[in-house]
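Step one of this worksheet: look at the structure below.
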Number of protein chains: 2
Amino acid sequence: MDILMPVKFEDGKLVWLDVTRLPYEEVWVSSDDIERIARAIERLEIRGAPAIGVAAALALAVVASKSTGSRDDLLRNLETASQRLSRTRPTAVNLFWALKRVMNGVYELIGRGASVDEIRSFVIQEALRIQKEDLEANMMIGKHGQELIEDGDVILTHCNTGSLATSGFGTALGVIRYAWMQGKRIRVIATETRPLLQGARLTVWELMRDGIPVKLVTDNAVGYLMYRGMVSKVIVGADRILRTGHVANKIGTYMIALAAKRHGIPFYVAAPTSTIDPETRVEDLVIEERNPEEVKNILGRLLITRQDVEAINPAFDITPPDLVSAIITEKGIARPPYEKSLQEILKS
Amino acid sequence: MDILMPVKFEDGKLVWLDVTRLPYEEVWVSSDDIERIARAIERLEIRGAPAIGVAAALALAVVASKSTGSRDDLLRNLETASQRLSRTRPTAVNLFWALKRVMNGVYELIGRGASVDEIRSFVIQEALRIQKEDLEANMMIGKHGQELIEDGDVILTHCNTGSLATSGFGTALGVIRYAWMQGKRIRVIATETRPLLQGARLTVWELMRDGIPVKLVTDNAVGYLMYRGMVSKVIVGADRILRTGHVANKIGTYMIALAAKRHGIPFYVAAPTSTIDPETRVEDLVIEERNPEEVKNILGRLLITRQDVEAINPAFDITPPDLVSAIITEKGIARPPYEKSLQEILKS
């Protein structure tokens, strides 16, 4: 099984697989223009919290390798790029985390009087480290998570949390992939994940590419499948995990968690520790409201309702901790109460 | 508010609104050709169990008013039409019920030596009575149900249960319509209802036509809207209600009911007593599994996944009685325990 990496830094440019074109065609885009890269994140050509973080860091590497002026020019270019990138997706904690990590390093080097070449080199190396660390974290998430998976499991997953959402390998899908690589005979049920259909378009594509058995369902069929005993476990990713164990993830996650609870089915969340936000309180969590056209006009190709109707399009929902059986990170598995277990994981 | 009647008998012809063209265009079709009418039912130009029953009865009225020959000619024409119509939707109970009701009356009249004019007149009148009775039942469901609706309510509904599914007015949508006509300032949230999008296509169209405020959401956003306090009541229809109060309805209903329960939001079911099945046990309830293409290829127009993936496509799910706050029928409102209250309603 080769590991697909959807975002790369190559010859001073960012190269990415435009996932909006999947499953119809596999199109790789290459650019060294920050505005183009920012739009790629906004347009979800690059999506999935970890992939966005990696892309943002690598975008700063693009800026660094392109910047030929003074140290001040480089700093100004990095700051402008960082500000533009941070306006792309408000809920994605990894985005801010990655930008901050690179920029903090830059400020520290400047404070120490580093040269423009040293700073340029640092930005590129630090971005590549973020990418490498994410890939390693995913492998570790998979390794820890596969302990929860049994031979014969039918695992339901939502949205896309695979190679296409990360630096590679995936989080929730990484657990599935790891278990499969261990020889566990599992089957996957993928929800289509309206409005943008990441499950139907991307998860199905990834799993079939790897030869892992998968069936597609509409989001609203999950309860019935559980009622009929057709699901043994749920694994989803996370866009943000609060100190209390509240999980912000793709819209629809909460309803799946409610159904899993009703039927006593384990509900697991798989995410790197960079997704854990120990500061924001659940009352203060901002949920991105996206363009209603995504609901009304499927993939911008098929209008399914009256053009003049209002639509509500929250991108994420919040799953409270009492519905979450465990949180799988690269540092180990956290169990309730999360206030305690997540603290321990973060400290370890 | 004029009541939209999607199927009518006018000047010896059947006139219907082709709902497959909604919401793109409002096309009324008129025909006195039984083959054309039968194809309209097969192609879902006319859909919704009550609407199909009414259409079949009115189609016999078309045959009667067109038939200018002898009494034997009329009988032969009615029987040929009845046989053709009964082959359109093999599982639609209302279709057989309506055809049988008209034809039984015809045979009884023939047994009594009625004239061709008397039989012709009976068929037309009986068909119009079937239509009128369905409309009156819907109005009564609306009248009873509106007592549960308060000024300012935000009511979430699933699928289409309106004029377009019945002789007119609707069941769950009839309750909303009645409350609106009473001057209650309500707002509606319509779920799109994958896979066939009856909510997005038909419910939105109907409500906007009547000027009732409506917003569209994906099915998987319902939990989040409830979490945010944006829904005060749920009303859905039913395809079948068991003695125990188990409700078989459009796929997705069960997950809405689970979310409503979690948030203490009343979950109402509106349906005529003809929907109550006092005999089938929940273990024996057969849920129709429909063509996977409906999931993979939206409205037959937009392929959203790999063509070769398997999909699961149950048409209905089962909501257990502990999640149902009340069942609204034309004879009154049943409350838990349903084993008792539904019996009383059926006897009344």
Side-chain angles (χ1 to χ4, degrees), chain A residues 23-24 158 189-195 197 199-201 204-205 207-208 213-225 227-228 230 250-259 261-262 287 292 295-296 298-299 301-314 316-318 320, chain B residues 23-24 158 189-195 197 199-201 204-205 207-208 213-225 227-228 230 250-259 261-262 287 292 295-296 298-299 301-314 316-318 320:
Chain A
Y24 311 111
H158 188 54
I189 293 174
T191 55
E192 61 176 8
T193 320
R194 277 283 283 146
L197 298 164
R201 294 191 300 110
V204 163
W205 184 86
L207 290 171
M208 290 185 81
V214 58
K215 290 189 184 184
L216 178 67
V217 295
T218 56
D219 300 303
N220 61 15
V222 170
Y224 179 69
L225 298 187
Y227 182 96
R228 286 289 188 214
M230 293 163 71
K250 180 60 55 198
I251 191 76
T253 303
Y254 176 41
M255 294 180 87
I256 296 171
L258 284 170
K261 182 79 169 186
R262 169 89 175 192
I287 296 292
V295 174
K296 293 160 63 177
I298 298 184
L299 305 179
R301 295 180 191 212
L302 179 64
L303 180 70
I304 57 161
T305 189
R306 275 182 57 153
Q307 184 51 63
D308 54 348
V309 72
E310 278 188 67
I312 315 173
N313 187 20
F316 305 100
D317 61 23
I318 300 166
Chain B
Y24 310 110
H158 189 53
I189 292 174
T191 56
E192 61 176 8
T193 319
R194 279 282 284 147
L197 299 165
R201 293 192 301 112
V204 162
W205 184 87
L207 290 170
M208 289 186 80
V214 57
K215 290 188 183 184
L216 177 67
V217 294
T218 56
D219 300 304
N220 62 14
V222 170
Y224 179 68
L225 298 187
Y227 182 96
R228 285 288 188 215
M230 293 163 72
K250 179 62 56 199
I251 191 75
T253 304
Y254 176 42
M255 293 180 87
I256 296 171
L258 283 171
K261 182 80 168 184
R262 169 90 175 192
I287 295 292
V295 174
K296 293 160 63 177
I298 298 183
L299 304 179
R301 296 182 192 209
L302 178 64
L303 179 68
I304 57 162
T305 189
R306 276 182 56 151
Q307 184 51 63
D308 54 348
V309 73
E310 278 188 68
I312 314 173
N313 186 19
F316 306 102
D317 61 25
I318 300 166

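Quick note on labels: first sequence line is chain A, next is B, and so on, each numbered from 1. Because only heavy atoms are used, hydrogens play no part in the values below, and waters and symmetry mates are left out as well, while side chains stay in.
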Largest heavy-atom contact set with chain B, pairs under 4.5 Å, which of A:R301, A:R201, A:R262 = A:R262
Region of B:Y24 that comes under 4.5 Å of a non-hydrogen atom in chain A | side chain
If you tally heavy-atom pairs under 4.5 Å against chain A, which of B:N313, B:T218, B:I189 wins?
-> B:T218
Contacting moiety of A:R306, where chain B heavy atoms sit under 4.5 Å | both
Return the option, out of B:L197, B:V214, B:I318, with the maximum number of heavy-atom pairs under 4.5 Å with chain A.
-> B:I318
Do you know which of A:D317, A:I312, A:L258 has the most heavy-atom pairs with chain B at a distance under 4.5 angstrom?
-> A:I312
When only pairs under 4.5 Å are counted, which of B:T191, B:I304, B:V222, B:D308 shares the most heavy-atom pairs with chain A?
-> B:I304
Any side-chain heavy-atom pair from A:V309 and B:W205 closer than 4.5 angstrom?
-> no
Heavy-atom contact with chain B under 4.5 Å, split by part of A:L207 = neither
If you count heavy-atom pairs under 4.5 Å between each of B:L225, B:T193, B:V295 and chain A, which one has the most?
-> B:V295
Can you tell which part of B:P320 gets under 4.5 Å to a heavy atom of chain A, answering side chain, backbone, both or neither?
-> side chain
May I ask you to name which of B:T253, B:D219, B:I251 has the most heavy-atom pairs under 4.5 Å with chain A?
-> B:I251
Proximal component of B:I298, with respect to chain A [non-hydrogen, under 4.5 Å] | both
Is A:K215 reaching over with its side chain to a backbone N or O of A:A190, donor-acceptor style, under 3.5 angstrom?
-> no
By a 4.5 Å heavy-atom criterion (distance strictly below it), what part of B:R194 contacts chain A: side chain, backbone, both, or neither?
-> both
Rounded distance (nearest 0.5 Å) linking atom OH of A:Y254 with atom OH of B:Y227 | 7.5 Å
